[in-house]
J.: 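Quick one: structure below, then a few questions.
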Amino acid sequence: MIVKQGQVVCTGLDDRGRYQYQIYLHLQNVGKSNLTVITKTSDVLGIFYEVPEITLSNSESTVDGGLLVPSAEELGLVTLYPTDVASVHDTFTSSDRLQDKAVINYLAREIYSGRFGNWVGSAKSAPIQVVNSVKSCIE
């Protein structure tokens, strides 16, 4: 699995003055067998290295000690044949403005005891130019 394409777009400030970003990426199956990927992420984490890294992933939740299992539809499961591409997107909010470039990391964990058979691993983009689409993202 590789990140075929990615985009980070600053869309403005929220009501608390934090920068809002839209994160888009295309994952491509570069293997020889079919893979199932989760396209609806639940966790977005930014780490501010020299080139910031934004990680999209999923985690499990519990209710009164019991595992809360979502539907396959809620996870956005997509089966990719070799060379197929899936789209993943999410939002990211930060009190710090991303400068010129960022890296997008897609982290697929084994969740829900593997019952969905999703691909497990990570795929990281090369540094991607951050698009500042509104004036408040530049100042």
Side-chain angles (χ1 to χ4, degrees):
M1 188 72 61
I2 64 167
V3 172
K4 183 76 171 169
Q5 229 176 14
Q7 188 175 33
V8 179
V9 179
C10 181
T11 58
L13 301 175
D14 69 6
D15 58 352
R16 295 173 59 194
R18 297 176 299 181
Y19 296 95
Q20 294 180 304
Y21 294 92
Q22 290 288 326
I23 313 298
Y24 303 92
L25 68 128
H26 290 126
L27 295 172
Q28 183 175 33
N29 179 0
V30 293
K32 295 185 187 296
S33 57
N34 299 351
L35 299 173
T36 300
V37 295
I38 297 173
T39 63
K40 294 184 181 176
T41 59
S42 62
D43 300 324
V44 182
L45 174 66
I47 299 177
F48 284 81
Y49 298 120
E50 185 175 331
V51 175
E53 185 172 310
I54 302 164
T55 299
L56 306 175
S57 65
N58 280 284
S59 59
E60 299 174 335
S61 298
T62 58
V63 174
D64 294 330
L67 185 61
L68 179 61
V69 180
S71 67
E73 182 179 290
E74 284 180 72
L75 291 173
L77 293 177
V78 174
T79 299
L80 298 177
Y81 290 33
T83 73
D84 283 354
V85 177
S87 179
V88 178
H89 69 275
D90 210 328
T91 59
F92 171 69
T93 304
S94 174
S95 56
D96 296 316
R97 184 172 68 86
L98 297 177
Q99 298 300 317
D100 296 332
K101 296 187 184 242
V103 169
I104 303 172
N105 184 32
Y106 175 84
L107 176 61
R109 300 180 178 120
E110 181 176 85
I111 52 177
Y112 309 108
S113 303
R115 72 178 69 188
F116 292 104
N118 65 287
W119 174 78
V120 175
S122 66
K124 191 180 286 193
S125 73
I128 296 168
Q129 186 70 39
V130 175
V131 177
N132 294 306
S133 61
V134 294
K135 184 178 177 183
S136 59
C137 296
I138 299 168
E139 299 173 335

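As the structure is a computational prediction, the values presented were derived from the model and not from experiment.
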J.: Does one hydrophobic cluster hold both Leu13 and Val8, with members joined at side-chain heavy-atom distances below 4.5 Å?
T.: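 Cluster IDs for Leu13 and Val8 match.
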
J.: When you look at Glu60 and Leu68, which way does the side chain to side chain contact (heavy atoms under 4.5 Å, CB included) test go after all the steps?
T.: CA-CA 7 Å; Glu60 299 174 335; Leu68 179 61; over 6 Å; no

J.: Could you tell me which non-hydrogen atom of Arg97 sits nearest to which non-hydrogen atom of Asn132, and how far apart they are?
T.: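 Looks like NH1-ND2, 4.1 Å.
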
J.: More than 12 heavy atoms of other residues, nucleotides or ligands under 6.0 Å from NE2 of His26: is that the case?
T.: yes

J.: Would you sort out whether Lys40 and Glu73 count as a salt bridge (Lys or Arg N to Asp or Glu O under 4.0 Å), showing the intermediate values?
T.: CA-CA 9 Å; Lys40 294 184 181 176; Glu73 182 179 290; over 6 Å; no

J.: For a quick check under 3.5 Å, do Asn58 and Thr41 share a side-chain donor-acceptor pair by atom type?
T.: no

J.: Is the shortest side-chain heavy-atom distance between Tyr106 and Leu25 below 4.5 Å?
T.: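 Of all side-chain heavy-atom pairs linking Leu25 with Tyr106, at least one is under 4.5 Å.
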
J.: Can any side-chain N or O of Asn118 pair as donor or acceptor with the backbone N or O of Thr36 at less than 3.5 Å?
T.: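 It does not hold such a pair.
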
J.: Does Ile38 share a hydrophobic cluster with Val69, counting links as ILVMFWY side-chain heavy atoms below 4.5 Å and allowing steps through other members?
T.: yes

J.: Taking the side chain as every heavy atom from C-beta outward, state whether Val88 and Leu56 have any atom pair closer than 4.5 Å.
T.: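 Sidechains of Leu56 and Val88: in contact.
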
J.: With heavy-atom distances below 4.5 Å as the criterion, would you say the side chains of Thr93 and Asp14 are in contact?
T.: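 In contact.
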
J.: Between Gln7 and Ile23 (side chain of the first, backbone of the second, donor and acceptor by atom type, cut-off under 3.5 Å), is there such a pair?
T.: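 Side chain of Gln7 to backbone of Ile23, a donor-acceptor pair under 3.5 Å: no, none is there.
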
J.: Which atom names give the shortest non-hydrogen contact between Arg109 and Ser57, and what distance separates them?
T.: NH1-OG, 3.5 Å

J.: Answer yes or no: is there a donor N or O on one side and an acceptor on the other, between the side chain of Ser94 and the main chain of Asp96, under 3.5 Å?
T.: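 Answer holds: yes.
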
J.: Say whether, by atom type as modelled, one donor and one acceptor occur between the side chain of Thr39 and the main chain of Gly76 under 3.5 angstrom.
T.: yes

J.: Taking all non-hydrogen atoms of both residues, which atom of Ala123 and which atom of Asn105 are closest, and how far apart?
T.: O-OD1, 3.3 Å

J.: Test side chain to side chain contact (heavy atoms under 4.5 Å, CB included) on Tyr49 and Ile47; report intermediate values, then the result.
T.: CA-CA 6 Å; Tyr49 298 120; Ile47 299 177; 3.4 Å; yes

J.: Could you tell me whether the side chain of Gln22 and the main chain of Thr91 form a donor-acceptor pair under 3.5 Å?
T.: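 No, because the side chain of Gln22 does not come within donor-acceptor range (under 3.5 Å) of the backbone of Thr91.
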
J.: Relative to each other, are the rings of Tyr112 and Phe116 parallel, tilted or perpendicular (30° and 60° limits)?
T.: perpendicular

J.: Quick check: do Thr11 and Val9 have side-chain heavy atoms less than 4.5 Å from each other?
T.: yes

J.: Hey, does Thr83 have a side-chain heavy atom less than 4.5 Å from the side chain of Tyr81?
T.: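 With C-beta onward as the side chain, the pair stays apart.
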
J.: Can you see which heavy atom on Arg115 is nearest to which on Leu67, and at what distance?
T.: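 Taking every non-hydrogen atom into account, NH2-CD2, 4.2 Å.
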
J.: Could you check whether any side-chain N or O of Ser125 sits under 3.5 Å from a backbone N or O of Ile104, counting only pairs where one atom can act as donor and the other as acceptor?
T.: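 Judged by distance alone, yes, a pair lies under 3.5 Å.
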
J.: So which heavy atom on Val44 is nearest to which on Ile54, and how close?
T.: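 That closest heavy-atom pairing would be CG1-CG2, 3.7 Å.
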
J.: If we only count heavy atoms from C-beta on, is the Val103 to Lys124 side-chain gap below 4.5 Å?
T.: yes

J.: If we only count heavy atoms from C-beta on, is the Ser42 to Ser59 side-chain gap below 4.5 Å?
T.: yes

J.: Report yes if the side chains of Leu98 and Cys10 come closer than 4.5 Å at any heavy-atom pair, otherwise no.
T.: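 Heavy-atom side-chain distance check fails, nothing below 4.5 Å.
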
J.: Starting at OG1 of Thr79, measure out to CG of Asn29 and round the result to the nearest 0.5 Å.
T.: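 One gets 10.0 Å once the value is rounded to the nearest 0.5 Å.
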
J.: Output, in order, the C-alpha distance, side-chain angles, deciding distance and verdict of side chain to side chain contact (heavy atoms under 4.5 Å, CB included) for Val130 and Tyr21.
T.: CA-CA 9 Å; Val130 175; Tyr21 294 92; 4.1 Å; yes

J.: Which pair of non-hydrogen atoms, one from Gly12 and one from Cys137, has the smallest distance, and what is that distance?
T.: N-SG, 3.4 Å

